[in-house]
K.L.:
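Got a structure here, written out as structure tokens. Questions coming.
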Amino acid sequence: MRPTIEVARALLGAIVIHGPTSGRIVETEAYLGIGDGAAHSARGITPRTEVIFGPPGHAYVYLIYGMYDCLNLIAEPEGVAGGVLIRALEPIDGIPLMQKRRPTARGVENLANGPGKLTRALGIGLQHNGVDVTRGPILVCAPPQPEPLDIAVSRRIGITQSADLPLRFFIRDNRFVSKK
DNA sequence: AGTTCGATCGCCT
DNA sequence: GGCGATCGAACTG
């Protein structure tokens with residue numbers, strides 16, 4: 001089994017909460033670890049990647065391009081690498097605060113429709129690397145009213161290694177995804 | 001110790 | 001559609 005892929009699909013529709021802001025996950029990507037050239041954990045445990053090898057249900061937050069933070073959720077048992085990048089959220093609570101944090105965003109659909117955008121909109125940063133998302137301050141919860149989803153699959157965005165693998169999952173026709 | 005380059009975004013043309 | 005911003009992790013020598 002590859003739990004990471006199942007988790008990436010199952011996270012669609014789930015809610016991410018941080019303080020007064022929250023959003024519904026509409027787009028994810030799976031990063032498999034050893035053998036997945038695009039994964040930070042592909043080359044084993046380093047100071048940066050140790051949380052990816054840690055227990056599931058924790059957050060892996062890293063800095064990309066020197067400017068933006070990206071949020072991942074660890075999916076595999078301790079000792080095994082595997083995480084899910086949260087790529088886009090549909091804003092739910094705290095929308096005025098999100099707009100204040102991202103003044104350049106025009107329209108609600110642009111507030112959190114990208115991995116760097118959603119961390120900034122929710123106030124998530126490197127200080128949250130390693131936190132348990134079942135305990136806070138970041139919380140990830142099942143949707144209050146689960147519904148069947150039409151899930152689309154594609155290649156992952158913005159990578160060169162292992163670029164052909166179908167490991168991006170998003171809610172079809174949802175206006176809050178980062179790309180069609 | 002030096003170099004390369006990236007799981008991005010927003011502004012420019 | 002193209003590119004500059006900005007910096008640390010990881011690899012090379």
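Numbered from 1 within each chain, the chains take letters A, B, ... in sequence-line order. Side-chain atoms are counted along with the backbone in the values below, which use heavy atoms only and exclude waters and symmetry mates.
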K.L.:
Can you measure from SG (A:C70) to NZ (A:K117) and round to the nearest 0.5 angstrom?
P.N.:
12.5 Å

K.L.:
Quick one, A:D93 and A:T21 - any side-chain contact, counting heavy atoms below 4.5 Å?
P.N.:
no

K.L.:
A:R120 CZ to B:dC9 C1': how many Å, rounded?
P.N.:
9 Å

K.L.:
Does the distance from a Lys or Arg side-chain N to an Asp or Glu carboxylate O, for A:R156 and A:D36, drop under 4.0 Å?
P.N.:
yes

K.L.:
Can you measure from CD (A:E27) to CZ (A:F170) and round to the nearest 0.5 angstrom?
P.N.:
7.0 Å

K.L.:
With rounding to the nearest 0.5 angstrom, report the OG1 to NE2 distance, A:T46 to A:H40.
P.N.:
10.0 Å

K.L.:
How far does CE of A:M98 sit from CZ of A:R120, to the nearest 0.5 angstrom?
P.N.:
14.5 Å

K.L.:
Whole angstroms only, please: what is the CG-P distance between A:L71 and B:dT8?
P.N.:
14 Å

K.L.:
Nearest whole angstrom, please: distance from the C1' of B:dC9 to the CZ of A:R101.
P.N.:
18 Å

K.L.:
Using whole Å, report how far CZ of A:R156 lies from P of B:dT8.
P.N.:
11 Å

K.L.:
Heavy atoms only, 4.0 Å cut-off, all strands: where does A:I159 land among base, sugar-phosphate and nothing?
P.N.:
sugar-phosphate

K.L.:
Sticking with atom C1', work out how far C:dC3 lies from B:dC5, rounded to a whole angstrom.
P.N.:
16 Å

K.L.:
Looking at B:dC11, B:dC9, B:dT8, which one has an atom nearest to any side-chain atom of A:I64?
P.N.:
B:dT8

K.L.:
Would you say that A:R24 contacts A:I171 through its side chain, given a criterion of any heavy-atom pair below 4.5 Å between the two side chains?
P.N.:
yes

K.L.:
Could you measure between the two C1' atoms, the one in B:dG10 and the one in C:dG8, and give it in whole Å?
P.N.:
22 Å

K.L.:
Please give, in whole Å, the distance from B:dT8 P to A:Y65 OH?
P.N.:
5 Å

K.L.:
Rounded to the nearest 0.5 Å, how far apart are CD1 of A:I74 and CD of A:E76?
P.N.:
9.5 Å

K.L.:
State which of B:dA7, B:dC9, B:dC11 makes the closest approach to the side chain of A:Y60.
P.N.:
B:dA7

K.L.:
Kindly state whether the pair A:Y31 / B:dA7 counts as stacked, where counting means centroids closer than 5.5 Å and planes tilted less than 30° apart.
P.N.:
yes

K.L.:
Reading 5' to 3' and counting Watson-Crick or G-U wobble pairs with both distances under 3.5 Å, write the dot-bracket notation for DNA chain B, | for bases paired outside the strand.
P.N.:
||||||.|||||.

K.L.:
For a 4.0 angstrom threshold against heavy atoms of chain A, report the outermost contacting nucleotides of DNA chain C in 5' to 3' order.
P.N.:
C:dA5 to C:dC11

K.L.:
Calculate the interatomic distance between A:R43 atom CZ and B:dG6 atom C1'; express it in whole Å.
P.N.:
12 Å

K.L.:
Taking C:dC11 as the reference, what is the distance to B:dA7 when you measure between their P atoms (whole Å, please)?
P.N.:
13 Å

K.L.:
Going by atom types alone, do A:D69 and A:T119 pair a side-chain donor with an acceptor below 3.5 Å?
P.N.:
no

K.L.:
Tell me the closest heavy-atom pair linking A:G37 and A:S162, and the distance in Å.
P.N.:
N-OG, 3.0 Å

K.L.:
What integer distance in Å separates A:R155:CZ from B:dA7:C1'?
P.N.:
15 Å

K.L.:
May I have the distance from A:L63 (atom CG) to B:dA7 (atom P), rounded to whole angstrom?
P.N.:
12 Å

K.L.:
Want to settle it: does A:A39 or A:R102 sit nearer the 5' end of DNA chain B, counting the closest nucleotide to each?
P.N.:
A:A39

